[in-house]
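What follows is a set of notes on a single structure, which appears directly below.
Keep in mind that the numbers below use all heavy atoms, side chains included, and drop hydrogens, waters and symmetry copies. Note that the structure is predicted; figures quoted are calculated from it, not measured. Below, chain A is the first sequence line, B the second, and so on; all start at residue 1.
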Protein chains: 2
Amino acid sequence: MPSPDSAPNRNTRQRRAIRDAFVTADRPLNPNEVLELAAAGHEGIGIATVYRNIKNLVEEGWLTTVELPGESARYELAGKAHHHHFHCKQCGKVYELSGCLSGFKAMAPEGFEVTGHEVLLYGVCRSCGEAR
Amino acid sequence: MPSPDSAPNRNTRQRRAIRDAFVTADRPLNPNEVLELAAAGHEGIGIATVYRNIKNLVEEGWLTTVELPGESARYELAGKAHHHHFHCKQCGKVYELSGCLSGFKAMAPEGFEVTGHEVLLYGVCRSCGEAR
DNA sequence: CTGCGTGCAAATGCTTTGCAAAGAC
DNA sequence: GTCTTTGCAAAGCATTTGCACGCAG
């Protein structure tokens with residue numbers, strides 16, 4: 001065992017399909033969405049494989065976890081600029097927002113050190129709004 | 001069935017214990033914390049009963065749900081003013097904040113209707129910061 | 001008394017894991 | 001050929017539900 005880390009990480013058909021799903025979708029996906037997207041073009045792919053690869057890609061730093069209150073975890077491509085998300089109450093999809101607000105540190109009481117924040121907007125996305 | 005709603009809602013020892021737990025703790029609790037707190041002074045109480053009563057109290061409007069990313073749902077007394085939460089990375093406790101920011105609507109793209117938002121601050125709370 | 005509420009255990013849904021077989025290199 | 005990855009099915013957890021008994025009203 002030379003280097004302590006360095007996962008071999010073979011380039012299988014399934015792993016390729018999963019990565020493609022994220023690149024193509026370009027929005028946070030949960031394991032189930034990944035399964036559907038990855039299984040779409042290709043033949044069958046197991047849900048366990050999806051979970052294993054996602055965990056793997058997160059450890060590699062290729063994906064980051066997006067946790068929304070009350071939802072199961074989703075994942076998106078890592079390396080994007082600081083951003084937050086919009087959750088459509090109608091279709092359930094999650095979109096990425098750009099930009100952010102400042103002044104969060106002022107919300108905490110004295111003596112509390114703020115090291116990060118999370119913002120989530122709820123509402124109706126454009127396609128759902130137009131459809132109504 | 002005269003009135004369509006109006007749950008009879010009997011005042012049992014267990015329900016009293018659960019309500020006490022929330023009043024005493026005065027911070028968001030998850031079902032497991034409720035179980036421990038409610039079971040503390042009194043004799044045994046079932047986890048199923050905790051879940052059933054929490055769901056009940058939420059429907060009644062006595063509790064509201066507090067969903068934190070990556071955590072199981074917590075609940076707190078309803079009727080408080082609009083506020084957000086602070087999650088201490090050290091001790092894991094969740095605190096209530098007062099105040100809020102404005103300008104969230106501007107974060108969404110055109111065509112997206114924003115009906116609500118959620119803010120969560122992460123960091124180190126006062127007691128953990130002092131202890132260091 | 002009359003039923004609602006409780007407790008237990010079984011059911012459920014999502015995620016993880018064990019193991020033998022298939023595939024990457 | 002060797003060693004990782006897959007697929008299936010079983011195991012784990014947290015939460016929910018069915019059912020018979022117990023307690024509140």
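Atom CD in A/E60 sits about 15 Å away from atom P in D/dT4, given to the nearest Å. Distance A/I45 CD1 to D/dT5 P: 14 Å, rounded to the nearest Å. For the pair B/N30 CG and D/dA14 C1', the computed distance is 11 Å after rounding to whole Å. Across the protein-nucleic acid pair, B/I47 atom CD1 and C/dC8 atom P stand 12 Å apart, rounded to whole Å. Atoms NZ (A/K55) and C1' (D/dT4) sit 17 Å apart, rounded to a whole Å. Here the C1' atom of nucleotide C/dT6 and the CG atom of B/L35 are 14 Å apart, to the nearest Å. Here the P atom of nucleotide C/dG5 and the CD1 atom of B/I54 are 16 Å apart, to the nearest Å. Atom OH of B/Y75 and atom P of D/dA14 are 14 Å apart (whole Å).
In the set C/dC8, C/dG5, D/dC3, the nucleotide with an atom closest to the side chain of B/R10 is C/dG5. Side-chain proximity of B/T12 to the nucleotides C/dT6, D/dT17, C/dC25 is greatest for C/dT6. Checking C/dC8, C/dC25, D/dT6 against every side-chain atom of B/R52, the shortest atom distance belongs to C/dC8. The A/N11 side chain lies nearest to C/dC25 when the options are C/dC25, C/dT6, D/dG7.
Put simply, A/S72 has no side-chain N or O that comes within less than 4.0 Å of OP1 or OP2 on C/dC14. OP1 or OP2 of C/dT6 sits under 4.0 Å from a side-chain N or O of B/N53. At C/dG7, one or more side-chain N or O atoms of B/Q14 fall inside 4.0 Å of OP1 or OP2 (strictly under the cut-off).
Summarising the local packing, NZ of B/K89 is surrounded by more than 12 heavy atoms from other residues, nucleotides or ligands at distances under 6.0 Å.
Comparing B/P31 and A/I18 by the nucleotide of DNA chain D whose heavy atom lies nearest to each, the residue mapping closer to the 5' end is A/I18.
Under the 3.5 Å distance criterion, the side-chain polar atoms of A/T49 are left unmatched by any main-chain donor or acceptor of A/I45. Put simply, the side chain of A/E130 never gets that close to the backbone of A/S127: no donor and acceptor are under 3.5 Å apart.
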Tell me, with the steps shown, if B/E33 and B/R27 meet salt bridge (charged side-chain N to carboxylate O under 4.0 Å, His left out). CA-CA 11 Å; B/E33 291 175 314; B/R27 62 182 180 84; 3.6 Å; yes

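At a threshold of 4.0 Å, the pair A/E96-A/K80 counts as salt-bridged, since one of the basic side-chain nitrogens sits closer than that to a carboxylate oxygen.
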